Amino acid sequence: MNGAALTVLLVLGALLFAGGFLLGRRGGHGRPDRTSDVGTPVEHATFETLHTASLAAPPLRAGLTEESAGKAARRLRSLLGTDALCLTDRDRVLAWDGLGEHHGKHVMDHVQALLASGRDTAFASGCGDLDCPLRWGVAAPLTVDHRVLGTLVAYAPRESAVLARAAGEVARWVSVQLELAELDRSRTQLIEAEIKALRAQISPHFIFNSLAAIASFVRTDPERARELLLEFADFTRYSFRRHGDFTTLADELHSIDQYLALVRARFGDRLSVTLQVAPEVLPVAMPFLCLQPLVENAVKHGLEGKITMSHITISALDAGSEAEVVIEDDGVGMDPERLRQILRGEGGLSTGIGLLNVDERLRQVYGDDYGLVIETGVGAGMRITVRIPKYRAGVHGS
């Protein structure tokens with residue numbers, strides 16, 4: 001929960017306590033009162049407010065849909081302690097919780113002005129049922145980036161300034177959750193775009209060179225050409241798959257092995273590779289297509305400008321709560337300042353796309369502490385270290 005959402009909830013807690021809308025206060029329509037042996041009444045009210053809000057938040061992080069609104073409405077009504085509450089989008093009622101569900105067919109008429117202006121509104125329900133307690137309602141907008149996505153509407157037996165203010169605060173808190181949902185979607189779209197960028201980088205030169213290397217064996221060694229063609233098919237199938245943002249270290253290393261088989265077919269004895277893998281780290285989940293660009297970088301800088309043999313070492317070892325992958329080459333290396341420019345995105349459209357892409361995706365998924373660690377110097381080769389937490393919420397291999 002971010003600072004803005006917490007502030008809204010604390011203000012809301014104070015409003016509810018002061019106005020008598022505490023959880024379950026209104027006889028059979030809300031949650032039963034809980035008693036506590038610790039804390040003042042205000043502290044207890046604040047705890048109840050935060051607890052109920054924490055239960056409403058997860059569904060809202062999926063965005064404003066019929067399903068998420070249905071799951072959140074009961075919690076939000078409990079938060080306000082009101083007789084009925086509904087959530088709408090711009091076109092229809094998504095969820096109703098509480099008494100008087102027959103009012104649902106009139107809700108969109110009451111909120112039309114709000115959807116246009118974005119301002120809270122109060123109204124008389126106009127109900128002709130003498131047994132219905134819902135005589136008054138207040139509606140507040142649900143907004144993201146100044147766009148009104150829908151409304152929160154609370155009903156009560158009579159006008160209440162406190163309920164009007166509390167409904168506005170709850171609507172603002174819901175809006176914060178919806179903004180976070182938008183950020184989650186944007187993050188997912190960004191990761192997908194970055195993977196597409198990597199695929200675009202792989203496809204032009206590597207596919208051409210691989211097919212050329214395979215073609216060179218068609219007459220001289222047909223069986224070798226067949227094996228390489230199968231490796232090529234498996235590698236491209238993995239690299240261009242359409243499902244999942246994450247994979248396992250085992251699958252990523254298998255793809256790298258296929259990539260290196262194709263590279264060795266082209267460069268022959270000029271390239272040697274040492275692979276050291278601890279079996280216990282193979283199931284670790286990680287962002288898809290994170291290691292292959294680093295190995296491709298090692299191949300490029302390991303062989304660039306060298307006539308003699310080049311060596312690449314790849315290790316994936318257990319480091320307690322993390323898996324540590326190190327990719328090292330003995331090639332031409334790079335000026336450290338040039339490397340810093342690349343990682344700042346100043347390397348140009350055709351330079352260092354793989355390094356920058358992988359560094360940014362690791363930081364997005366795990367935090368800034370998990371960016372690439374790169375040691376290099378002109379003529380000194382390059383050593384890239386990737387640390388991957390073994391367990392992280394939301395990261396699952398597919």
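For clarity, every value in this text was computed on a predicted model and none was experimentally measured.
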Quick one: [atom1] on [X] to [atom2] on [Y], what's the gap to the nearest 0.5 Å?
| X | Y | atom1 | atom2 | result |
| --- | --- | --- | --- | --- |
| Cys86 | Leu76 | SG | CG | 11.0 Å |
| Met108 | Leu114 | CE | CG | 9.5 Å |
| Ile214 | Glu227 | CD1 | CD | 11.5 Å |
| Met334 | Glu375 | CE | CD | 14.5 Å |
| Leu87 | Leu142 | CG | CG | 6.5 Å |
| Lys105 | Asp109 | NZ | CG | 11.0 Å |

I'd like to know if the side chain of [X] reaches the main chain of [Y], judged simply by a donor and an acceptor atom lying under 3.5 Å from each other, with no hydrogens or angles considered.
| X | Y | value |
| --- | --- | --- |
| Glu252 | Leu291 | yes |
| Asp97 | Leu85 | no |
| Ser255 | Phe235 | no |
| Arg361 | Leu289 | yes |
| Ser78 | Arg74 | no |
| Thr88 | Thr151 | yes |
| Ser216 | Ala213 | yes |
| Arg387 | Glu324 | no |
| Arg135 | Pro157 | no |
| Arg90 | Val148 | yes |

>> I'd like to know whether Ser272 forms a side-chain contact (heavy atoms from CB on, under 4.5 Å) with His311, so could you lay out the CA-CA distance, the side-chain angles of the two residues, the decisive distance to 0.1 Å, and finally the verdict.
In response: CA-CA 5 Å; Ser272 68; His311 185 75; 2.6 Å; yes
> Which class fits the ring pair Tyr155 and His103: parallel under 30°, tilted 30 to 60°, perpendicular over 60°?
Replying inline: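 The rings of Tyr155 and His103 sit tilted, inter-plane angle from 30° to 60°.
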Take a 6.0 Å sphere around [atom1] of [X] and say whether it holds more than 12 heavy atoms from other residues, nucleotides or ligands.
| X | atom1 | result |
| --- | --- | --- |
| Arg119 | CZ | no |
| Glu67 | CD | no |
| Lys71 | NZ | no |
| Arg92 | CZ | yes |

Nearest atoms (heavy-atom pairs only) where [X] meets [Y]:
| X | Y | answer |
| --- | --- | --- |
| Pro389 | Val284 | O-CG1, 3.9 Å |
| Ile374 | Met382 | CG2-CG, 3.8 Å |
| Asp329 | Ile312 | CB-CG1, 4.1 Å |
| Tyr366 | Ala285 | OH-O, 3.4 Å |
| His110 | Thr121 | O-CG2, 4.1 Å |
| Leu249 | Ala323 | CD2-CB, 4.4 Å |

> Taking it one step at a time, do Ile314 and Thr274 satisfy side-chain contact (heavy atoms from CB on, under 4.5 Å)?
Replying inline: CA-CA 6 Å; Ile314 302 171; Thr274 298; over 6 Å; no
>> Looking at Arg363 and Glu360, is there a salt bridge between them, counting it only when a charged N and a carboxylate O are closer than 4.0 Å?
In response: no
>> Go through it in stages, so that I can follow the logic: the residues are Tyr259 and Glu231, the test is side chain to side chain donor-acceptor pair (under 3.5 Å), and I'd like the CA-CA distance, side-chain angles, deciding distance and then a yes or no.
In response: CA-CA 8 Å; Tyr259 167 80; Glu231 297 278 17; over 6 Å; no
> Are Leu275 and Leu282 connected in the hydrophobic side-chain network, where two residues link if heavy atoms are under 4.5 Å apart?
Replying inline: yes
> Can you check salt bridge (charged side-chain N to carboxylate O under 4.0 Å, His left out) on Arg340 and Glu337, steps first, answer last?
Replying inline: CA-CA 5 Å; Arg340 283 190 284 270; Glu337 180 55 35; 3.1 Å; yes
>> Determine whether Cys290 and Val386 satisfy the following criterion, side-chain contact (heavy atoms from CB on, under 4.5 Å), listing intermediate values before the conclusion.
In response: CA-CA 9 Å; Cys290 256; Val386 181; over 6 Å; no
>> Is there a side-chain contact (heavy atoms from CB on, under 4.5 Å) between Val326 and Arg383? Walk through the geometry before answering.
In response: CA-CA 7 Å; Val326 178; Arg383 176 187 172 94; 3.7 Å; yes
> Any side-chain heavy atom of Leu355 within less than 4.5 Å of one from Pro293?
Replying inline: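 No, too far: nothing below the 4.5 Å cut-off.
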> Do Arg77 and Asp83 pass the salt bridge (charged side-chain N to carboxylate O under 4.0 Å, His left out) test, and can you show the C-alpha distance, the side-chain angles, and the key distance before you say yes or no?
Replying inline: CA-CA 8 Å; Arg77 184 171 76 87; Asp83 294 270; over 6 Å; no
